Amino acid sequence: MAGEPLTLGTAGHVDHGKTALVRALTGRETDRLPEERARGLTIEPGFAPLALPSGRTLSLVDVPGHERFVRHMVAGASGVDGWLLCVAADDGVMPQTREHMAVLRLLGVTRGVVAITKADLRDPEPAAHAAAELVGPGATVVPTSAATGRGIPELLAALDDLAADLPRRTAPGRARLFVDRSFTAAGAGTVVTGTLWGAPIARDARVAVLPGGARARVRGAQAHDRPIERAAGGRVALNLAGLAREEVPRGSCVVAEGAGWAASDLLDVAVEWLPEAGGDLRTRRRLQAFLGTAEAGATCVLLEGEALAPGARGYAQLRLDRPVPAEAGDRLILRAAPGRTVGGATVIDPAPARH
């Protein structure tokens, strides 16, 4: 529904100018780690508020583009509602461009805007044509240059048009916040950040941390660095009273206490095995499963036959190395060594019997 807090995520190959474009759009530097600034390479997802011409503010997630950090990209993209695909005019569509778009499609994130970056260096038309073929019809493609400012007003207008009727993908369900950052703030104590899924969480609400079950009270909440009484989606920070930072690490999940949440290490799922997976999915294959910011090793037990061919869909049970708080309809990303996205899964039963 228009007017809800929305989150957009960047996507695209390394060195295609995602962080520079975010800086041009928001005025914020999202590379916060010293190593990122020294190397000019995004390692962890970064976050910035994006003010649109209509007066609306979105949360913008800047994800890593390097193949070694795709797992971090998955964590950053898990809660986004739409995408801002960056394709450099001097490179065109590259391997991580395709993998990022595959991840977003498997997560159910189907709408976005394409920015052809570095349009001051090369004719943007060939890259624009290749990007339009990749994403399919309907997405606006805007040539841009963070160095000269070309296309920035047009890109903001295109993002405004996108946000006007973009639904909040994670709106249904009970309140959950998958933690992507946990730290101690002077005078405040433990603070966690993430994208809020499901119902709102208000100040003074009682919450639990899964897995583990630690309990806390929400002392305060912020959105875009401003205090709020009630978080209702989008990027938020929660100040948790009664918890040490170590009790709520990245990958854990803050849930509303008394809402019936439980973490499970068994999930019945519908699996989509990608055509580019590189071979059949054989039963009892070991994979890495990603839900929200949680990552767990998983044994995939097929429920129909011994193998699933590339490009096929089937039913399976995921036996996870650590429990996660899942609901029916949740989407997971499946990756295999040596760091390739090979498929996705949609949860059918979050607490099944062992088949």
Side-chain angles (χ1 to χ4, degrees), residues 1 3-11 22 26 28 30 32 42 44-50 56-64 71-84 100 103-104 106-112 159 162-163 166-183 191-202 205 207 209-210 218 220-226 228 230-240 248-256 259 261 290-295 324-327 329-333 347:
M1 179 184 298
E4 286 195 298
L6 294 175
T7 305
L8 295 183
T10 64
V22 170
T26 69
R28 297 285 187 100
T30 54
R32 56 184 175 81
T42 300
E44 295 274 1
F47 311 97
L50 173 61
R56 181 172 190 163
T57 299
L58 306 181
S59 301
L60 192 56
V61 182
D62 181 27
V63 305
R71 55 194 289 269
H72 294 168
M73 177 271 172
V74 173
S78 64
V80 304
D81 305 299
W83 40 261
L84 172 57
H100 282 197
V103 166
L104 289 164
L106 291 167
L107 289 172
V109 188
T110 59
R111 297 179 58 192
L159 292 170
L162 173 70
L166 187 67
R168 185 161 74 91
R169 184 177 63 89
T170 54
R174 298 165 288 173
R176 273 182 297 179
L177 185 137
F178 283 100
V179 175
D180 52 45
R181 256 187 97 203
S182 172
F183 56 94
V191 176
V192 298
T193 65
T195 301
L196 180 61
W197 298 15
I201 292 182
V207 295
V209 179
L210 297 176
V218 178
Q222 287 190 350
H224 304 308
D225 302 323
R226 294 180 304 176
I228 53 176
R230 180 175 174 270
R235 293 289 309 169
V236 300
L238 300 179
N239 180 200
L240 302 179
V248 58
R250 173 180 171 159
S252 60
C253 190
V254 176
V255 301
W261 280 108
F290 296 79
L291 173 63
T293 59
E295 176 183 352
V324 296
E327 285 196 311
D330 281 351
R331 291 177 178 248
L332 296 87
I333 298 299
V347 176

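Because the structure is predicted, anything quoted here is derived from the model rather than measured. Note that these values count all heavy atoms, side chains included, but never hydrogens, waters or copies made by symmetry.
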Item to check | Polar side-chain atom of Ser182 near backbone of Val248 as donor-acceptor pair, under 3.5 Å | outcome: yes
Item to check | CA sep, side-chain torsions, deciding dist, call: Val22, Leu84, side chain to side chain contact (heavy atoms under 4.5 Å, CB included) | outcome: CA-CA 10 Å; Val22 170; Leu84 172 57; 5.5 Å; no
Checklist entry - Arg174: what forms a salt bridge (Lys or Arg N to Asp or Glu O under 4.0 Å) with it, not counting sequence neighbours? => result Glu327
Checklist entry - To the nearest 0.5 Å, what is the distance between CG (Leu106) and CD1 (Ile333)? => result 4.5 Å
Checklist entry - Do you know the tightest heavy-atom contact between Val191 and Ala237? => result CG1-CB, 4.2 Å
Checklist entry - Which distance, rounded to the nearest 0.5 Å, do you find between the CG of Leu8 and the CG of Asp62? => result 12.5 Å
Checklist entry - Out of curiosity, Leu177 CG to Cys253 SG, how far, rounded to the nearest 0.5 Å? => result 7.0 Å
Item to check | Backbone N/O of Leu50 and side chain of Arg56: donor-acceptor pair under 3.5 Å | outcome: no
Checklist outcome for this item: Looking only at heavy atoms, the pair that brings Ala175 and Ile201 closest together is CB-CG1, 3.6 Å
Checklist entry - Which residues pass the salt bridge (Lys or Arg N to Asp or Glu O under 4.0 Å) test with Asp330, sequence neighbours left out? => result Arg176
Next on the checklist: Please determine whether side chain to side chain contact (heavy atoms under 4.5 Å, CB included) holds for the pair Thr195 and Val80, giving the CA-CA distance in whole Å, both sets of side-chain angles, and the decisive distance to 0.1 Å.
Outcome noted: CA-CA 8 Å; Thr195 301; Val80 304; over 6 Å; no
Checklist entry - How close do Leu196 and Gly233 get, heavy atom to heavy atom, and via which atoms? => result CD2-N, 3.4 Å
Item to check | Leu166 CG to Leu6 CG distance, which is reported to the nearest 0.5 Å | outcome: 5.5 Å
Next on the checklist: If I compare all heavy atoms of Ala48 with all of Thr26, which pair ends up nearest, and what's the gap?
Outcome noted: CB-OG1, 3.8 Å
Item to check | Inter-residue atom distance Arg111.CZ - Trp83.CH2, 0.5 Å rounding | outcome: 10.0 Å
Next on the checklist: Show the nearest heavy-atom pair for residues Thr7 and Gly234, with the distance to one decimal.
Outcome noted: OG1-CA, 3.6 Å
Checklist outcome for this item: Sorted by chain and residue number, the salt bridge (Lys or Arg N to Asp or Glu O under 4.0 Å) partners of Arg169 (sequence neighbours excluded) come out as none
Checklist outcome for this item: Heavy-atom closest pair (Ala221 atom, Leu238 atom, distance to 0.1 Å) is CB-CD2, 3.8 Å
Checklist entry - Would Thr193 and Arg235 count as a side chain to side chain contact (heavy atoms under 4.5 Å, CB included) if you check the C-alpha gap in whole Å, the side-chain angles of each, and the deciding distance to 0.1 Å? => result CA-CA 7 Å; Thr193 65; Arg235 293 289 309 169; 3.6 Å; yes
Item to check | Gap separating the CG atom of Asn239 from the CD atom of Gln222, nearest 0.5 angstrom | outcome: 8.5 Å
